[in-house]
Amino acid sequence: MSDGIKWLAAWDVPVEGVVFARGISADELAVRLGGGPGEATEPITHGEVEHLGMRGRSYGVRGDGVVRVGEDAGWAFAVEYGDSTGADRLEEIASGRVDAVHYLPTSARPPARIHYAKNGVLTCSLVRSIGAGVRSRIFHPDGSQNFPASREHYMAYHERSFGVLERRFGLSLPRAVLGEARLPAYSVRGTLAMRTGPEPDHQQIRAWAATLGLTWNDAGGRVPSHVREAWNHVAWQDPKETA
């Protein structure tokens, strides 16, 4: 039995975005998102993405984007990390009789932006689907959104939103994807070197970080992305500091 997607409504689910596609493989979905054909890493877990050394957005400059891909319930899916491309490429993903759904959680109400494209055309989004929203009590008949007062009711509202999608499209994302499930990863934006083995400058950065009181579990010889970003910033400001 599939896990569906209503579990994504929980407040503590650490997901930045998910793209679903029906009619293409997981690897093809990664390529349509911007990944290079055949350039997947060995399968990695959700937690191991941190060790890929992604560069974040800075002063309006795009950062690195990564996806981990798989398939479930007849759909390919891509879990997004960093400055990914799902929002920019949904119509391209849906070209050639493909259905594509992009889920993007937000910190504001509504709790998520969900867009659907088919045959290369953006067809609708959840927040604009007033008819479906009224039937599921997400919207009032006049089009205003039915926001609940308490956190518990807000969660129920959020789950109803996902329930509409789950029933309409049969979407599912295994819970294990954000746990110990290992999936291939692709770089979809930026110039990220998708290495999963030890990094050549690992010991140098580890020694520098130790002087600042920073430590991490480095069994794989990888530098966490936030430490790598700090190192790059210092190296740019004062090359002698990291020489």
In the structure I gave you, are the side-chain heavy atoms of [X] and [Y] within less than 4.5 Å of one another anywhere?
{"X": "V177", "Y": "F77", "value": "yes"}
{"X": "K118", "Y": "V98", "value": "no"}
{"X": "V227", "Y": "I205", "value": "yes"}
{"X": "S187", "Y": "D64", "value": "no"}
{"X": "V67", "Y": "S84", "value": "yes"}
{"X": "V101", "Y": "H115", "value": "no"}
{"X": "L171", "Y": "Y103", "value": "no"}
{"X": "W7", "Y": "L173", "value": "yes"}

Next item on the list: Determine whether the side chains of S172 and D3 contain a donor N or O and an acceptor N or O closer than 3.5 Å.
Entry: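 Side-chain D/A pair, S172 to D3: absent.
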Shortest non-hydrogen contact from [X] to [Y]?
{"X": "I93", "Y": "A21", "result": "CG2-CB, 4.1 Å"}
{"X": "V69", "Y": "A78", "result": "CG1-CB, 3.8 Å"}
{"X": "G35", "Y": "V188", "result": "N-CG1, 3.8 Å"}
{"X": "L90", "Y": "A100", "result": "CD1-CB, 3.7 Å"}
{"X": "F169", "Y": "W75", "result": "O-NE1, 3.1 Å"}
{"X": "T45", "Y": "G179", "result": "CB-O, 3.9 Å"}

I'd like to know if the side chain of [X] reaches the main chain of [Y], judged simply by a donor and an acceptor atom lying under 3.5 Å from each other, with no hydrogens or angles considered.
{"X": "T41", "Y": "A185", "answer": "yes"}
{"X": "R89", "Y": "R32", "answer": "yes"}
{"X": "E80", "Y": "E16", "answer": "no"}
{"X": "N119", "Y": "R97", "answer": "yes"}

Once you round to the nearest 0.5 Å, how far does [atom1] of [X] lie from [atom2] of [Y]?
{"X": "E50", "Y": "I44", "atom1": "CD", "atom2": "CD1", "value": "11.5 Å"}
{"X": "L183", "Y": "E71", "atom1": "CG", "atom2": "CD", "value": "10.5 Å"}
{"X": "W231", "Y": "L212", "atom1": "CH2", "atom2": "CG", "value": "10.5 Å"}
{"X": "Y186", "Y": "T85", "atom1": "OH", "atom2": "OG1", "value": "13.5 Å"}
{"X": "E159", "Y": "I5", "atom1": "CD", "atom2": "CD1", "value": "11.5 Å"}
{"X": "I114", "Y": "L104", "atom1": "CD1", "atom2": "CG", "value": "9.5 Å"}

Check: Charged N to carboxylate O below 4.0 Å: is that the case for E48 and R182?
Finding: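 Judged by the 4.0 Å cut-off on N to carboxylate O distance, E48 and R182 do form a salt bridge.
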Check: Which residue pairs pass the ring pair (Phe, Tyr, Trp, His ring centres under 6.0 Å) test when at least one of the two sits in residues 13-47, sequence neighbours left out?
Finding: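 Output for this query lists H46-Y81.
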Note to self: Just to verify, what does D88 make a side-chain hydrogen bond (donor to acceptor under 3.5 Å, both in side chains) with, not counting sequence neighbours?
What the structure shows: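 Counting only residues at least two positions away or on another chain, D88 forms a side-chain hydrogen bond (donor to acceptor under 3.5 Å, both in side chains) with R189.
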Next item on the list: Flag yes if V49 and V13 sit in one hydrophobic cluster, no otherwise; membership is Ile, Leu, Val, Met, Phe, Trp, Tyr, and two members link when side-chain heavy atoms are under 4.5 Å apart.
Entry: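 In one cluster with V49: V13, yes.
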